[in-house]
> 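Sharing a structure with you now.
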Amino acid sequence: MTTKTRFAPSPTGYLHVGGARTALFSWLHVRKHGGKFVLRIEDTDLERSTAESVNAILEGITWLGLEYDEGPFYQTQRFDRYNKVIQELIDQDLAYYCDCPKERLESLREQQMQRKEKPRYDGHCRARQIDPEKPHVVRFRNPLEGGVVVDDLVRGRVIFRNEELDDLVIRRTDGSPTYNLTVVVDDSDMEITHVIRGDDHLNNTPRQINILQALGKTPPRYAHVPMILGDDGSRLSKRHGALSVMEYRKQGILPEALLNYLVRLGWSHGDQEIFSLDEMIELFDIEEVNRAASTFNNDKLLWLNQHYIKHDDPARIAHLLSPHLGDLDIDPASGPNLVDVVIAQQERARTLVEMAEISAFFYKDFDAYDEKAARKHLRPVARDVLERVRHVLAEMTVWTPESLHQAVVDIAESLELKLGKVAQPLRVAIAGRAASPGIDVTLHLVGQQACLRRIDKALNYIAQRATEN
RNA sequence: GCUCCCUUCGUCUAGUGGUUAGGACACCGGCCUCUCACGCCGGUAACAGGGGUUCGAGUCCCCUAGGGAGCGCCA
């Protein structure tokens with residue numbers, strides 16, 4: 001039987017990192033075993049499901065590159081099928097009508113809570129005859145005795161007693177099927193062999209297995225992966241900055257960095273930290289996933305992102321960087337070759353947003369100096385240095401990093417100054433801040449005209465500052 | 001409350017009865033150096049607690065504590 005997994009989000013929000021990791025694990029499992037990855041949209045909650053969410057989820061998994069082989073299937077388009085199955089269950093007396101009013105259910109629940117019991121349906125309508133023409137729900141007739149064994153690929157063997165379960169609603173009064181029924185029908189119809197999902201579903205699993213067995217189907221293998229927690233130990237949510245996957249893109253995170261981060265959350269392969277997609281596929285094993293929840297750590301994501309920025313092809317980084325420069329109103333075509341800029345900055349940025357920020361000065365004159373840098377380096381003592389530099393640079397006919405390096409070294413020597421005494425004021429004059437790539441590369445990329453213009457500006461600044469004091 | 005699950009440095013983790021408990025991020029030193037960063041070297045830091053089993057326990061068993069999830073006509 002070919003391996004088949006599915007990712008089955010409900011479109012009620014963005015694709016979060018938790019969902020992304022579950023999708024990644026499913027995807028890796030199926031790629032490793034050469035099967036099919038199914039995308040299914042669980043949109044039976046008409047109230048909360050939105051088309052925007054569907055788009056956001058599709059956008060997210062596409063950006064991550066978790067391409068699916070089948071789907072997306074929409075559960076709302078399969079109501080006929082669900083109803084057919086429900087009817088089968090009713091016909092075989094494996095399900096029954098229930099007309100218990102909500103008030104009865106609520107008071108039942110209250111009483112049970114007061115008695116410190118687990119609240120559940122008491123089977124009131126199990127043996128009653130209810131007119132199908134009147135409003136009703138359909139409940140699954142859960143076995144009363146025995147138990148259900150879940151041989152979970154990550155949790156191990158978990159046993160549930162049927163007496164802990166109750167007769168769950170499988171069709172609402174409005175005629176729509178509920179989650180536990182639709183999942184079971186779909187997983188069965190779509191021949192899903194491995195259900196890989198968040199462990200918040202572990203408690204649903206025995207119910208689903210019971211329905212499956214009532215239908216005479218063989219349950220798939222299950223793998224319940226632990227949740228991702230926020231840094232306060234509670235489930236990751238928006239208030240932790242639990243960003244949708246697309247938010248990470250906005251922040252300048254590379255998809256391979258996020259994937260690499262996510263795969264190492266709850267799984268490892270010895271001491272290895274860096275995994276290419278191919279390595280993940282080769283080495284990942286769902287049965288090696290940890291059982292404990294883990295906490296999302298942004299610093300480590302940033303470290304991985306920097307690693308990928310550093311090691312990826314500069315042309316590709318340039319391509320991805322471009323829109324972030326656009327966000328700063330910079331047209332990369334208006335200045336030095338973006339690939340050269342990337343090469344110069346590759347080891348200096350943890351995100352593409354950062355890279356855009358520290359590279360802006362290559363493309364346009366900055367508005368203001370970094371205050372601290374200007375105070376320290378654009379002082380009267382720097383005036384002679386900058387005047388000398390301006391003179392030399394203005395005379396240059398060969399504008400290369402090599403010639404510029406030589407020029408700066410020569411100036412330092414002739415003034416009997418350390419290189420830093422020349423490079424730092426110059427750097428602040430050119431970049432507006434105390435940090436930049438090597439001074440030769442910086443000058444080269446900024447270009448002769450802009451360099452001279454900015455040195456003049458710095459000299460003015462120094463002069464003005466002298467009068468202020 | 002009931003049921004299920006979980007528990008090694010701050011964080012992610014290695015570890016499958018005998019280890020100076022290893023690695024990574026972060027942090028702190030140092031080196032490199034025109035700045036920043038990269039890189040390199042070094043350091044601080046953990047087996048939740050208590051009982052067993054065993055010659056020997058992070059590893060096996062039990063209890064306690066703490067955390068998470070589920071208990072919907074949500075998914």
> Looking at side-chain heavy atoms only, is the closest gap between A:Leu39 and A:Ile61 below 4.5 Å?
yes
> When you measure from the side chain of A:Thr44, which nucleotide among B:U13, B:A75, B:C12 comes out closest?
B:A75
> Could you check which nucleotide pairs with B:A48 in any of the strands shown, counting Watson-Crick or G-U wobble with both distances under 3.5 Å?
B:U64
> Do other residues, nucleotides or ligands put more than 12 heavy atoms under 6.0 Å from the NE2 atom of A:His391?
no
> Could you measure between the two C1' atoms, the one in B:G52 and the one in B:C28, and give it in whole Å?
42 Å
> Suppose we call a contact any N or O donor and acceptor under 3.5 Å apart; does that hold for the side chain of A:Thr173 and the base of B:C73?
yes
> Taking the side chain as every heavy atom from C-beta outward, state whether A:Val185 and A:Arg78 have any pair of such atoms under 4.5 Å apart.
yes
> Taking the same atom, C1', in B:A46 and in B:G72, what whole-Å distance lies between them?
41 Å
> Could you tell me whether A:Glu117 contacts a base, only the sugar-phosphate backbone, or nothing, with contacts defined as non-hydrogen atoms closer than 4.0 Å?
base
> Need the pair for B:G42. Rule: Watson-Crick or G-U wobble, both distances under 3.5 Å, any strand; none if unpaired.
B:C28
> Find which nucleotide of RNA chain B each of A:Lys102 and A:Arg115 is nearest to by heavy atoms, and output the residue with the more 5' nucleotide.
A:Arg115
> Would you indicate which nucleotide in B:C73, B:U3, B:U35 comes nearest to any side-chain atom of A:Arg161?
B:U3
> Calculate the interatomic distance between A:Leu304 atom CG and B:C38 atom C1'; express it in whole Å.
16 Å
> So, A:Asp187 and A:Arg40, do they make that salt bridge, N to O below 4.0 Å?
yes
> What is the separation between atom CG on A:Asp45 and atom P on B:C73, rounded to the nearest whole Å?
13 Å
> Does A:Gly198 reach a base, just sugar-phosphate, or nothing at all? Heavy atoms under 4.0 Å.
nothing
> Which of the following nucleotides, B:C71, B:U11, B:A69, is nearest to the side chain of A:Asn203?
B:A69
> Please evaluate the base of B:A75 for a donor-acceptor partner in the side chain of A:Asn204 within a cut-off of under 3.5 Å?
yes
> Could you run down nucleotides 23-28 of chain B 5' to 3' and tag each one B, S or - for protein heavy-atom contact under 4.0 Å?
BBSS--
> Write down the distance separating the P atoms in B:A24 and B:C41, rounded off to the nearest Å.
10 Å
> Rounded to the Å, how far apart are A:Leu202 CG and B:A75 C1'?
16 Å
> State the pairing partner of B:U33; accept Watson-Crick or G-U wobble contacts with both distances under 3.5 Å, and report none otherwise.
none
> In whole angstrom, give the distance that lies between atom CG of A:Asp199 and atom P of B:A69.
9 Å
> Can you tell me how far P in B:C2 sits from the matching atom in B:A57, rounded to whole Å?
34 Å
> On a whole-Å scale, what distance lies between the C1' atoms belonging to B:A45 and B:U13?
15 Å
> Under 4.0 Å from OP1 or OP2 of B:A14: is there any side-chain N or O of A:Ser268 that close?
yes
> A:Phe25 vs A:Phe284, test: ring-ring contact (aromatic ring centres under 6.0 Å, His included). Steps then yes/no.
CA-CA 8 Å; A:Phe25 284 1; A:Phe284 181 77; 4.9 Å; yes
> So which nucleotide does B:U54 pair with, by the Watson-Crick or G-U wobble rule with both distances under 3.5 Å?
none
> Are A:Tyr179 and A:His201, when compared by the centres of their aromatic rings, separated by less than 6.0 Å?
yes
> Rounded to whole angstroms, how far apart are CZ on A:Phe140 and C1' on B:G72?
18 Å
> Within the structure shown, what part of the strands sits under 4.0 Å from A:Lys310 by heavy-atom distance: base, sugar-phosphate, or nothing?
sugar-phosphate
> Base, sugar-phosphate alone, or nothing: which one does A:Ile439 contact when heavy atoms must sit under 4.0 Å apart?
base
> Hey, does A:His224 reach any base, or is it just sugar-phosphate, or nothing, if we go heavy atoms under 4.0 Å?
nothing
> Classify the nucleic acid contact of A:Val137 as base, sugar-phosphate or nothing, counting any heavy atom under 4.0 Å across all strands shown.
base
> Taking only the side-chain heavy atoms of A:Ser294 (C-beta and beyond), determine which of B:U35, B:C12, B:C73 contains the nearest atom.
B:C12
> Measure the distance from CD1 on A:Ile309 to C1' on B:C36 and round it to the nearest whole Å.
15 Å
> Can you tell me, in whole Å, how much space there is between the P of B:A48 and that of B:C9?
7 Å
> Hey, is the side chain of A:Lys118 poking within less than 4.0 Å of OP1 or OP2 on B:G70, counting only N and O atoms?
no
> Between B:C5, B:C34, B:A75, which one does the side chain of A:Gln424 approach most closely?
B:C34
> Quick one: is B:C5 close enough that its OP1 or OP2 comes under 4.0 Å of any side-chain N or O from A:Arg291?
no
> Can you tell me if A:Thr12 touches the phosphate of B:A75, counting only side-chain N or O atoms and a distance under 4.0 Å to OP1 or OP2?
no
> Across all strands, who's sitting opposite B:U59 as a Watson-Crick or G-U wobble pair, both distances under 3.5 Å?
none
> Would you indicate which nucleotide in B:G1, B:A75, B:C34 comes nearest to any side-chain atom of A:Met113?
B:G1
> Output the rounded distance in Å from CZ (A:Arg21) to C1' (B:U13).
13 Å
> With the side chain of A:Arg109 defined as its heavy atoms from C-beta on, choose the nearest nucleotide among B:U3, B:C36, B:G72.
B:G72
> Assign the ring pair A:Tyr248 / A:Phe296 to parallel, tilted or perpendicular, where the plane angle (0 to 90°) is split at 30° and 60°.
tilted
> Determine the Euclidean distance between corresponding C1' atoms of B:C63 and B:U7; express it in Å to zero decimal places.
15 Å
> Can you list the steps and then say if A:Phe37 with A:Phe7 is a ring-ring contact (aromatic ring centres under 6.0 Å, His included)?
CA-CA 8 Å; A:Phe37 185 50; A:Phe7 179 53; 7.0 Å; no
> Heavy atoms only, 4.0 Å cut-off, all strands: where does A:Pro437 land among base, sugar-phosphate and nothing?
base
> State plainly whether the residues A:Asp166 and A:Arg207 are in salt-bridge range, i.e. N to O under 4.0 Å.
yes
> How many whole angstroms separate atom CZ of A:Arg155 from atom C1' of B:C6?
7 Å
> Can you see if the side chain of A:Asn290 gets near the phosphate of B:A14 - specifically, an N or O under 4.0 Å from OP1 or OP2?
yes
> If I pick the C1' atom on B:G58 and the same atom on B:G15, what distance separates them, to the nearest angstrom?
8 Å
> State the pairing partner of B:A69; accept Watson-Crick or G-U wobble contacts with both distances under 3.5 Å, and report none otherwise.
B:U3
> Can you establish whether the number of heavy atoms outside A:Arg316 located under 6.0 Å from its atom CZ is more than 12?
yes
> Go through B:C2, B:U11, B:G39 for me and flag the one nearest to the A:Thr295 side chain.
B:U11
> Return the orientation label for the A:Trp303 and A:His307 ring planes: parallel under 30°, perpendicular over 60°, tilted otherwise.
tilted
> Measure from the side chain of A:Ala292, starting at C-beta and using heavy atoms only, and say which of B:C12, B:C4, B:U7 lies closest.
B:U7
> Is the number of heavy atoms from other residues, nucleotides or ligands under 6.0 Å of A:Lys457 NZ greater than 12?
yes
